[in-house]
Amino acid sequence: MQYREFGNTGLKVSVIGLGCGLLGHATKTKQPFEIVRKSIEYGVNYFDTAYAYADSEVKLSLGLGDDRKKVYISSKTMAKTKEEAWKNIRESLQRLKTDYIDNYHLHCLENEKDIGVRLGSGGALEALKEAHDQGLIKHIGCSSHQSRLLI
């Protein structure tokens with residue numbers, strides 16, 4: 001497996017990561033566990049999940065087991081407010097059975113108004129910054145399905 005720097009985070013992640021969205025929809029009990037274990041066996045060390053991906057965080061945690069400290073977890077929230085984001089962060093930490101999340105995104109930025117709400121006073125970004133200051137989140141990012149919003 002090849003590894004590269006993840007932006008300016010200092011993290012060295014596998015060029016192939018595992019997107020865990022569909023783990024949350026797996027109906028076979030062992031399948032998500034086996035997918036995560038096989039990914040680690042092949043050298044994958046970057047796992048992308050989200051609060052909104054059903055129970056993917058729980059299934060990822062079960063698959064990682066004792067290998068949590070050897071991998072990087074990226075999770076996300078679609079929360080608009082500080083309170084809602086804090087709820088998502090706490091629940092994600094609990095579901096992932098971890099003390100910290102390596103990379104946490106404001107997920108699915110929709111438009112300029114949405115960005116203003118989430119980054120403004122009382123917005124979700126305030127919770128992410130506080131969680132970062134407390135060591136619960138190592139890095140903060142954002143995502144959108146509209147590239148023009150990220151330029």
Side-chain angles (χ1 to χ4, degrees), residues 1-27 31-33 35-36 39-40 44-64 67-151:
M1 179 66 67
Q2 295 178 359
Y3 300 88
R4 295 195 181 127
E5 295 289 325
F6 187 60
N8 63 0
T9 64
L11 306 178
K12 200 155 193 150
V13 301
S14 50
V15 295
I16 298 173
L18 181 66
C20 299
L22 294 180
L23 291 183
H25 299 286
T27 55
Q31 190 177 29
F33 176 82
I35 290 169
V36 173
S39 297
I40 292 170
V44 172
N45 73 350
Y46 183 78
F47 295 85
D48 179 77
T49 188
Y51 178 84
Y53 295 169
D55 65 349
S56 69
E57 292 175 323
V58 172
K59 290 174 178 168
L60 174 59
S61 172
L62 291 172
L64 292 176
D67 287 326
R68 166 59 184 109
K69 301 290 186 198
K70 299 177 185 174
V71 302
Y72 301 109
I73 297 175
S74 183
S75 196
K76 308 181 236 5
T77 180
M78 292 176 28
K80 308 284 187 202
T81 68
K82 177 180 177 179
E83 293 78 21
E84 185 182 12
W86 260 119
K87 176 183 180 289
N88 289 177
I89 292 165
R90 286 186 189 103
E91 289 183 19
S92 288
L93 289 165
Q94 181 179 22
R95 292 174 185 174
L96 290 162
K97 294 183 179 161
T98 188
D99 298 331
Y100 66 95
I101 298 171
D102 298 286
N103 194 41
Y104 203 78
H105 297 269
L106 291 175
H107 190 37
C108 288
L109 297 174
E110 299 170 12
N111 52 45
E112 288 81 4
K113 181 179 178 185
D114 180 45
I115 292 171
V117 168
R118 293 205 221 178
L119 273 57
S121 179
L125 182 60
E126 287 185 6
L128 273 65
K129 286 180 177 180
E130 288 177 8
H132 177 268
D133 291 344
Q134 294 175 26
L136 302 174
I137 295 171
K138 301 295 180 187
H139 305 281
I140 297 172
C142 63
S143 71
S144 177
H145 294 109
Q146 300 178 54
S147 59
R148 66 177 178 77
L149 294 175
L150 300 174
I151 298 175

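Just so you know, residue 1 is the first one in the sequence shown, and it goes up from there.
- The shortest non-hydrogen separation linking Leu128 to Ala85 is CD1-CB, 4.2 Å.
- Taking the six-membered ring where tryptophan is involved, the planes of Tyr53 and His107 are perpendicular, since the angle between them exceeds 60° and thus also 30°.
- Cation-pi contact between Arg4 and Tyr46: absent, since separation from the ring centre below 6.0 Å together with deviation from the ring axis within 45° is not met.
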| field | Steps toward side-chain contact (heavy atoms from CB on, under 4.5 Å) verdict (Leu136, Trp86) | value | CA-CA 11 Å; Leu136 302 174; Trp86 260 119; 3.8 Å; yes
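- Atom CG of Asp133 is surrounded by more than 12 heavy atoms from other residues, nucleotides or ligands within 6.0 Å.
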| Stepwise, does the side-chain contact (heavy atoms from CB on, under 4.5 Å) test hold for Glu126 with Ser121? | CA-CA 8 Å; Glu126 287 185 6; Ser121 179; 4.1 Å; yes
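- Smallest separation of non-hydrogen atoms from Asp114 and Glu110: OD2-N, 2.9 Å.
- Shown here for Met78 and Ala52, the closest heavy-atom pair between the two residues is SD-CB, 4.5 Å.
- Considering SG of Cys20 and CG of Leu60, their distance stands at 4.5 Å, rounded to 0.5 Å.
- In this structure, Phe6 and Asn103 have side chains that are in contact, with non-hydrogen atoms separated by less than 4.5 Å.
- Environment of CD1 in Ile16: sparse, with no more than 12 heavy atoms of neighbouring residues, nucleotides or ligands closer than 6.0 Å.
- Inter-residue side-chain proximity for Ile40 and Lys70 is flagged as unmet; no heavy-atom pair is nearer than 4.5 Å.
- Contact between Gly63 and Phe33 at its shortest, heavy atoms only, is CA-CD1, 3.5 Å.
- Salt bridge annotation for Arg148-Glu112: present, with a cationic side-chain nitrogen under 4.0 angstrom from a carboxylate oxygen.
- Within a 6.0 Å sphere centred on CD1 of Ile140, heavy atoms belonging to other residues, nucleotides or ligands number more than 12.
- Between Ile101 atom CD1 and Ser92 atom OG the span is 5.0 Å, to the nearest 0.5 Å.
- In this structure, the side chains of Arg95 and Tyr51 come closer than 4.5 Å at one or more pairs of heavy atoms.
- Note that CG of Leu93 is 11.0 Å distant from CG of Asn88, once rounded to the nearest 0.5 Å.
- For the pair Arg68 and Tyr100, the cation-pi test (distance below 6.0 Å, angle within 45°) is passed.
- The minimum heavy-atom distance linking Leu106 with Arg118 is given by the pair C-NH1, 3.8 Å.
- Using a cutoff of 4.0 Å between basic side-chain nitrogens and carboxylate oxygens, Glu91 and Lys87 are scored as salt-bridged.
- Side-chain atoms of Ser39 come within 3.5 Å of backbone atoms of Ile35 as a donor-acceptor pair (strictly under, hydrogens ignored).
- Put simply, CG on Leu109 and CG on Leu119 are 7.5 Å apart, with the number rounded to the nearest 0.5 Å.
- For Arg90, the salt bridge (Lys or Arg N to Asp or Glu O under 4.0 Å) criterion is met by no residue, not counting sequence neighbours.
- Under a 3.5 Å cut-off, the side chain of Ser14 and the backbone N or O of Val44 do not form any donor-acceptor pair.
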| Would Ser74 and His105 count as a side-chain contact (heavy atoms from CB on, under 4.5 Å) if you check the C-alpha gap in whole Å, the side-chain angles of each, and the deciding distance to 0.1 Å? | CA-CA 8 Å; Ser74 183; His105 297 269; 3.1 Å; yes
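- A donor-acceptor distance shorter than 3.5 angstrom exists from the side chain of Ser143 to the backbone of Cys108, with no hydrogens or angles considered.
- Taking CG of Asp67 as the reference point, atom NZ of Lys69 lies at 12.0 Å (rounded to 0.5 Å).
- Counted within 6.0 Å of CD on Gln94, heavy atoms from surrounding residues, nucleotides or ligands total 12 or fewer; the atom is thus considered open.
- Between the side chain of Lys76 and the backbone N or O of Thr49, at least one donor-acceptor pair lies under 3.5 Å.
- In terms of modelled atom types and a separation under 3.5 Å, the side chain of Asp102 and the main chain of Ile73 share a donor-acceptor contact.
- Taking both residues in full, the closest heavy atoms of Ala131 and Ile89 are given as CB-CD1, 4.0 Å, listed atom of the first, atom of the second, then distance.
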| request: Please test Leu18 against Asp48 for side-chain contact (heavy atoms from CB on, under 4.5 Å), starting from the C-alpha separation and ending with a verdict. | output: CA-CA 6 Å; Leu18 181 66; Asp48 179 77; over 6 Å; no
